[in-house]
Amino acid sequence: MGSGYAWVKTLHIVFVTSWFAGLFYLPRIFVNLAMVAPDSTAERARLLLMAGKLYRFMGPLMVLALAFGTWLWLGYAVGAGSGWMHAKLAIVALLVAYHLYCGKLLRAIAAGDDRRSHRWLRWFNEAPVIALLFAVALVVVKPF
C-alpha cells in the first residue's frame with residue numbers, strides 16, 4: 001500500500017493511544033473527586049482543574065484519531081465491507097459517546113450536581129479498557 005499508508009496508520013495508532021490515555025485517566029480523576037473530603041476545597045479545585053485541562057486536551061486527540069482512522073477506512077479501503085470493521089465502528093461510536101458523557105459528567109461534578117459514588121465511578125472507569133480489548137481483537141483477529 002505504500003509509505004503513505006504506513007504514515008497514516010502510524011498517526012492513527014499514535015492518536016488513538018493518546019486519546020485512550022485520557023479516557024483511562026479522566027474517570028480516575030472523577031474517582032478521586034468523589035473521595036475528596038467536603039471541607040477540602042483546594043484539593044477539589046486542583047482535581048477539577050486537572051480534569052478540565054485533560055478533557056480539553058482529549059478532544060483534539062479524539063478528532064485526529066477519528067480523522068486518520070477514517071482516512072485508512074475510506075482512503076485505503078481498510079476493512080471495507082468487512083463485518084469486523086462494522087463491529088469496530090460500533091465500538092468507536094460508543095467510545096465517542098463515552099468521551100462526550102465524560103464531559104457532561106465533568107460539568108455536573110464541577111457544578112456540584114453529581115453525587116455518584118467512587119465505586120460507581122470505578123466501574124465506569126473500566127468501560128474504555130473493555131472497549132479497547134474488543135476493538136484491538138477485532139482488528140487483529142478479524143473474526144468475521
Side-chain angles (χ1 to χ4, degrees), residues 3-76 78-80 82-144:
S3 67
Y5 167 78
W7 280 110
V8 174
K9 187 174 182 178
T10 297
L11 291 170
H12 176 61
I13 291 168
V14 166
F15 289 117
V16 166
T17 304
S18 301
W19 178 37
F20 265 93
L23 290 175
F24 293 155
Y25 193 62
L26 182 61
R28 183 63 204 170
I29 296 174
F30 295 162
V31 171
N32 293 336
L33 279 162
M35 296 175 67
V36 169
D39 62 340
S40 186
T41 56
E43 183 180 4
R44 178 177 162 73
R46 181 179 51 81
L47 288 170
L48 283 171
L49 179 67
M50 288 171 55
K53 286 183 176 185
L54 180 57
Y55 186 73
R56 285 188 298 279
F57 187 69
M58 289 166 55
L61 296 172
M62 175 186 69
V63 169
L64 289 166
L66 295 172
F68 285 107
T70 301
W71 191 349
L72 287 170
W73 180 40
L74 300 177
Y76 293 100
V78 173
S82 301
W84 67 265
M85 179 58 82
H86 295 311
K88 181 188 169 219
L89 291 173
I91 292 170
V92 170
L94 289 172
L95 286 164
V96 169
Y98 182 90
H99 176 107
L100 296 173
Y101 186 74
C102 281
K104 180 181 178 186
L105 194 54
L106 175 57
R107 289 186 297 278
I109 292 169
D113 293 339
D114 190 84
R115 298 284 182 235
R116 296 186 194 276
S117 72
H118 67 90
R119 283 190 175 88
W120 186 92
L121 290 163
R122 285 176 199 274
W123 283 105
F124 178 74
N125 188 40
E126 299 306 319
V129 175
I130 295 164
L132 179 63
L133 173 68
F134 282 106
V136 170
L138 287 167
V139 171
V140 173
V141 177
K142 296 176 179 57
F144 44 88

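All values below were derived from every heavy atom in this structure, side-chain atoms included, with hydrogens, water molecules and symmetry-related copies excluded. Nothing here was measured: the structure is a model prediction, and the numbers come from that model.
Qualifying side chain to side chain donor-acceptor pair (under 3.5 Å) partners for His12, counting only residues two or more places apart in sequence or in other chains: none. Trp120 meets the ring-ring contact (aromatic ring centres under 6.0 Å, His included) test with Phe124; sequence neighbours excluded. When the ring-ring contact (aromatic ring centres under 6.0 Å, His included) test is applied to Phe134, no partner is found at least two apart in sequence or on another chain. Partners of Leu133 by side chain to side chain contact (heavy atoms under 4.5 Å, CB included), not counting sequence neighbours: none found. Scored by the side chain to side chain donor-acceptor pair (under 3.5 Å) test, Thr17 finds no partners at all (sequence neighbours excluded). Looking at residues two or more places apart in sequence or on another chain, you find no salt bridge (Lys or Arg N to Asp or Glu O under 4.0 Å) involving Arg46. With sequence neighbours excluded, no residue forms a side chain to side chain contact (heavy atoms under 4.5 Å, CB included) with Pro38. Residues forming a ring-ring contact (aromatic ring centres under 6.0 Å, His included) with Phe68 (at least two apart in sequence, or on another chain): Phe15, Trp71. With sequence neighbours left out, Tyr25 forms a side chain to side chain donor-acceptor pair (under 3.5 Å) with no residue at all.
Under the salt bridge (Lys or Arg N to Asp or Glu O under 4.0 Å) criterion, the residue pairs touching residues 106-127 are Asp114-Arg116, with sequence neighbours excluded. Applying the ring-ring contact (aromatic ring centres under 6.0 Å, His included) test to residues at least two apart or on different chains, none of the pairs has a partner in residues 29-54. Within the structure, every pair that satisfies the side-chain hydrogen bond (donor to acceptor under 3.5 Å, both in side chains) test and touches residues 30-42, not counting sequence neighbours, is listed here: Ser40-Glu43.
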